[in-house]
Amino acid sequence: MTVFFRCDVGGLFGLGHSHRLKTLATALHAEVPGLPLVFVTTTPALGDIVGQDGTPWSLLSCLDEWTACETVRTQAQPGDVMIFDEPARGSWVKGLWRQKLAPEIAVVRIDAPQAERYSCDLLILPGAHYAADDLERLDAAFGERLLVGAEYVLLRKETLVPSHGAFMHHPWFTFWAGGSDPGNALALLLHMTTPVSQCLPHVQHIYCMGIHRASLVVPPVPPQVWITGCDISYIREASVFVSLWGTTVYEALALGRPTLTIARTEAEAEDAARLEAATEGAVQSLGTLAGLMRETLCDRLVALWEDVGERKRMHYASAGLLDGKGAERVARAVLRFTKGVNE
């Protein structure tokens with residue numbers, strides 16, 4: 001059996017989705033040493049971006065989606081597994097793969113609330129932000145082949161710190177706009193939070209650039225503002241983490257960081273609001289980026305810095321939500337549910 005992962009980075013595909021597929025590949029390797037693992041990508045530099053960390057997976061680089069689909073179709077054998085991390089893939093892409101893949105190839109979809117439209121042997125919804133109506137519909141369609149909940153969140157090992165991380169009162173805020181940041185949201189956040197730098201001059205602001213940003217063109221910034229590459233240590237040590245909605249929000253939860261999240265779309269804002277309710281405010285939603293007022297963001301940051309008790313409450317509210325074993329659970333489920341496809 002060979003496991004293929006469809007994985008891209010850039011544009012609509014955030015860095016977090018690649019990290020969680022890599023995390024799943026590592027867990028599958030731990031369950032079945034020597035299991036062939038192949039990442040199928042149209043991002044030539046994917047190997048350099050996510051690294052291998054000792055997991056022996058190989059990279060199948062393709063020109064475009066059509067080429068990727070045709071290549072897997074010709075290489076895959078009965079009993080092989082194809083894993084998709086779905087959020088940004090359009091319906092035509094999903095339809096293409098459904099048309100091309102042989103029925104003997106087991107298909108696993110991650111984070112695909114519309115999965116009943118496409119052939120799928122196992123559906124994994126990792127998190128606590130999905131709508132009840134979607135879950136009811138999917139449960140009727142998939143039954144035991146649906147795995148949903150925070151216990152299936154795929155966390156990279158850098159987030160698995162002892163004792164859920166410690167409460168931090170370091171004088172800095174960390175801002176993250178995603179691994180690809182196609183709309184240059186980080187520059188907008190930097191511009192919007194300038195008044196906070198003036199109000200709290202002793203608090204540093206760490207703006208983490210996405211993977212494709214060699215530089216970030218901005219006006220002159222105060223000395224307490226840093227613009228740097230993406231590094232999870234900047235999340236781990238932050239007093240407050242501000243992030244566009246995405247998988248990194250769950251990593252911040254695992255680290256116990258008080259988190260403010262901003263959505264790109266109304267649908268994402270609804271997801272974020274559900275996660276806020278599920279975590280008792282450990283993550284707090286600020287709505288959509290388009291609708292966010294500078295005063296709202298700045299006032300919330302200043303208030304959180306001054307209210308140490310609220311930050312402690314947010315920190316402890318996130319304890320116990322994620323146990324770091326999601327990758328093991330998902331890997332075992334993939335092996336269990338896909339084994340019988342050809343039996």
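Since this is a predicted model, take the numbers as computed values, not measurements. No hydrogens, no waters, no symmetry mates; every other heavy atom, side chains included, goes into these values. Counting begins at 1 with the first residue of the sequence.
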Check: How would you list all residue pairs meeting salt bridge (charged side-chain N to carboxylate O under 4.0 Å, His left out) that involve residues 66-77, not counting sequence neighbours?
Finding: E70-R73, E70-K100

Check: Relative to the ring of F175, is the ring of H205 parallel (under 30°), tilted (30 to 60°) or perpendicular (over 60°)?
Finding: tilted

Notebook entry, point to check: Going by an N to O cut-off under 4.0 Å, is there a salt bridge joining D307 and R313?
Noted result: no

Item checked: W176 and T248: side chain donor to acceptor below 3.5 Å -> yes

Check: When you look at CE of M293, are more than 12 heavy atoms from neighbouring residues, nucleotides or ligands closer to it than 6.0 Å?
Finding: no

Notebook entry, point to check: Salt-bridged, D85 to R6, with N to O below 4.0 Å?
Noted result: no

Notebook entry, point to check: Would a distance-only check, ignoring hydrogens and angles, find a side-chain to backbone donor-acceptor pair under 3.5 Å from R257 to L255?
Noted result: yes

Enumerate donor-acceptor pairs with a distance under 3.5 Å from any side-chain N or O in residues 28-40 to protein atoms, sequence neighbours excluded.
{"residue": "E31", "atom": "OE2", "partner": "R332", "partner atom": "NE", "Å": "2.9"}
{"residue": "E31", "atom": "OE2", "partner": "R332", "partner atom": "NH2", "Å": "3.4"}

Item checked: CD (Q75) with more than 12 external heavy atoms under 6.0 Å -> yes

Notebook entry, point to check: Under a 4.5 Å cut-off applied to non-hydrogen side-chain atoms, are V283 and L260 in contact?
Noted result: no

Check: With the threshold set at 4.0 Å, does a side-chain nitrogen-carboxylate oxygen contact exist between K325 and E151?
Finding: no

Check: Looking only at heavy atoms, what is the nearest atom pair of L322 and Y250, with distance?
Finding: CD1-O, 3.3 Å

Next item on the list: Assign the ring pair F173 / W305 to parallel, tilted or perpendicular, where the plane angle (0 to 90°) is split at 30° and 60°.
Entry: perpendicular

Next item on the list: Using the salt bridge (Lys or Arg N to Asp or Glu O under 4.0 Å) rule, take D121 and R109 through it: C-alpha gap first, then chi angles, then the decisive distance, then the call.
Entry: CA-CA 8 Å; D121 299 289; R109 299 189 185 277; over 6 Å; no

